[in-house]
Asker: 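Take this structure first; my questions come after.
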Protein chains: 2
Amino acid sequence: MPEEPTQAHRFDLARKARSTSLLEDYVELIADLAAATGEARATDIAKRLGVTHPTAIKAIGRLKAAGLATSRPYRGVFLTDAGLELAKKTKARHRLVVDVLIAIGVPTESAEADGEGIEHHVSEATLRAFARFMRNRA
Amino acid sequence: MPEEPTQAHRFDLARKARSTSLLEDYVELIADLAAATGEARATDIAKRLGVTHPTAIKAIGRLKAAGLATSRPYRGVFLTDAGLELAKKTKARHRLVVDVLIAIGVPTESAEADGEGIEHHVSEATLRAFARFMRNRA
DNA sequence: ACCCTAATGTAGCCCATGCTACATTCGATG
DNA sequence: CATCGAATGTAGCATGGGCTACATTAGGGT
């Protein structure tokens with residue numbers, strides 16, 4: 001039943017995407033912070049995401065459980081190789097999605113805002129089509 | 001603080017969209033079933049969404065709490081005026097999103113699948129841009 | 001060297017969204 | 001018209017992802 005394009009299957013994919021989107025957001029942000037300031041602190045992560053710090057810390061716990069990050073008490077958060085990999089992919093997808101929205105004529109601010117949610121639902125096939133679209137336009 | 005395009009604010013919008021997306025899915029589906037078969041039964045809803053029936057029934061309870069639907073024990077589910085309104089808007093948005101994806105070159109099946117998740121994150125401004133895009137192309 | 005602040009961590013709560021297992025009710029059919 | 005299967009409803013559990021309130025630790029400034 002790998003290829004079963006029923007409506008139920010589509011909703012299933014959407015649910016899966018929703019559940020991974022949080023982790024992707026965190027990983028992407030941690031990579032950004034690490035690149036910008038050398039380290040990713042829980043408080044900064046929380047501030048950037050607009051959540052309280054316990055929420056961020058709990059999420060970081062889930063990242064660790066998922067093998068995407070490591071952290072020692074009272075130290076910052078660091079991505080594992082798997083985390084870095086995911087961050088790279090997520091970041092590239094994010095950029096491409098926003099670029100396509102802008103190319104279509106979506107105002108920049110809307111593209112940035114909506115892209116934050118949309119990116120997590122873009123499959124590989126759609127991503128390839130996006131890349132093709134950007135390549136082929138004037 | 002209505003106009004504050006910070007990253008935190010964008011994540012906030014994405015979270016809000018995630019929390020409403022479930023209700024939108026249900027309302028849209030109920031409208032479809034009602035149009036197709038004359039009534040929306042909990043079991044059919046569950047089957048179409050790919051969840052178990054208690055899950056669907058609980059969600060229907062939330063729909064009722066939100067004033068989007070009504071139902072009496074052992075009868076089908078019916079949308080309120082507000083529910084119909086939301087269903088109409090959601091359905092139109094869904095179509096437009098899928099159409100734009102296809103126009104960009106996304107394979108139909110991917111467009112249908114990804115659209116299911118993407119639609120909930122498309123703002124009014126982006127929607128308008130999408131409509132403009134579809135109008136202006138060859 | 002101490003202490004104060006800010007960062008980090010913990011505990012405990014809430015709600016949404018899924019599930020399984022069990023109970024009830026409807027309605028079709030023998 | 002009685003019964004049995006399917007639909008509906010209920011109970012109870014888990015997890016994710018928020019929160020507030022409180023505890024602990026790190027580290028810079030006097």
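Quick note on labels: first sequence line is chain A, next is B, and so on, each numbered from 1.
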Asker: With sequence neighbours excluded, what pairs up with B:Thr20 under the side-chain contact (heavy atoms from CB on, under 4.5 Å) test?
Answerer: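 So B:Thr20 forms a side-chain contact (heavy atoms from CB on, under 4.5 Å) with B:Glu24.
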Asker: Taking B:Glu109 first and then A:Arg10, would you say they form a salt bridge - that is, a charged N and a carboxylate O separated by under 4.0 Å?
Answerer: yes
Asker: Any side-chain heavy atom of A:Glu124 sitting closer than 4.5 Å to one from A:Lys89?
Answerer: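 Yes; the side chains approach each other to less than 4.5 Å.
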Asker: Tell me the interatomic distance from B:Glu39, atom CD, to C:dG27, atom P, rounded to whole angstroms.
Answerer: 10 Å
Asker: Write down the distance between CZ (B:Arg41) and P (D:dG9), rounded to a whole number of angstrom.
Answerer: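 Rounded to the whole Å, the gap is 11 Å.
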Asker: Roughly, in whole Å, what's the span from CD1 in A:Ile60 to C1' in C:dT8?
Answerer: 10 Å
Asker: Collect all protein-nucleotide pairs involving nucleotides 11-18 of chain D in which both atoms are nitrogen or oxygen and the distance is under 3.5 Å.
Answerer:
| residue | atom | partner | partner atom | Å |
| --- | --- | --- | --- | --- |
| D:dG12 | O6 | B:Lys58 | NZ | 3.4 |
| D:dG17 | OP2 | A:Arg62 | NE | 2.7 |
| D:dG17 | OP2 | A:Arg62 | NH2 | 3.3 |
| D:dG18 | OP1 | B:Arg18 | NH2 | 3.4 |
| D:dG18 | O6 | A:Lys58 | NZ | 2.3 |

Asker: A:Thr43: what forms a side-chain contact (heavy atoms from CB on, under 4.5 Å) with it, not counting sequence neighbours?
Answerer: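 For A:Thr43 the side-chain contact (heavy atoms from CB on, under 4.5 Å) partners, ignoring immediate neighbours, are A:Lys47.
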Asker: Partners of A:Arg41 by salt bridge (Lys or Arg N to Asp or Glu O under 4.0 Å), sequence neighbours excluded?
Answerer: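 Listed in chain order: A:Asp44.
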Asker: Just to be sure I understand the geometry, which residues of residues 28-38 of chain A put a non-hydrogen atom under 4.0 Å away from DNA chain D?
Answerer: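 DNA chain D contact set from residues 28-38 of chain A: none.
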Asker: From CZ of B:Arg72 over to P of D:dG9, roughly how many Å is that when rounded to an integer?
Answerer: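 That distance rounds to 11 Å.
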Asker: Got a sec, which pairs hit ring-ring contact (aromatic ring centres under 6.0 Å, His included) with one end in residues 80-123 of chain A, sequence neighbours left out?
Answerer: A:His121-B:His121
Asker: Return the polar atom pairs (N/O with N/O) between nucleotides 22-28 of chain D and the protein under 3.5 Å, or none.
Answerer:
| residue | atom | partner | partner atom | Å |
| --- | --- | --- | --- | --- |
| D:dT24 | O2 | A:Tyr74 | OH | 3.2 |
| D:dT25 | O4' | A:Tyr74 | OH | 3.2 |
| D:dG27 | OP1 | A:Arg75 | NH2 | 2.9 |

Asker: List, by chain and then residue number, the residues other than A:Phe78 in its hydrophobic cluster (Ile/Leu/Val/Met/Phe/Trp/Tyr, side-chain heavy atoms under 4.5 Å); write none if there are no others.
Answerer: none
Asker: If the condition is salt bridge (Lys or Arg N to Asp or Glu O under 4.0 Å), which residues does B:Arg132 pass it with, not counting sequence neighbours?
Answerer: none
Asker: Under a single-linkage rule joining Ile, Leu, Val, Met, Phe, Trp and Tyr whose side-chain heavy atoms are separated by less than 4.5 Å, which residues share a cluster with B:Ile45?
Answerer: A:Phe11, B:Leu22, B:Leu23, B:Tyr26, B:Val27, B:Leu29, B:Ile30, B:Leu33, B:Leu49, B:Val51, B:Ile60, B:Leu63, B:Leu68, B:Val77, B:Leu79, B:Leu84, B:Leu86
Asker: Partners of A:Thr108 by side-chain contact (heavy atoms from CB on, under 4.5 Å), sequence neighbours excluded?
Answerer: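 Only A:Ile102, A:Glu112 meet the side-chain contact (heavy atoms from CB on, under 4.5 Å) criterion with A:Thr108.
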Asker: Please enumerate all residues that pass side-chain contact (heavy atoms from CB on, under 4.5 Å) together with A:Asp99, with sequence neighbours excluded.
Answerer: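 Here the qualifying residues are A:Arg95, A:Met134.
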Asker: Rounded to whole angstroms, how far apart are CD1 on A:Ile57 and C1' on D:dC19?
Answerer: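 A:Ile57 atom CD1 is separated from D:dC19 atom C1' by 14 Å.
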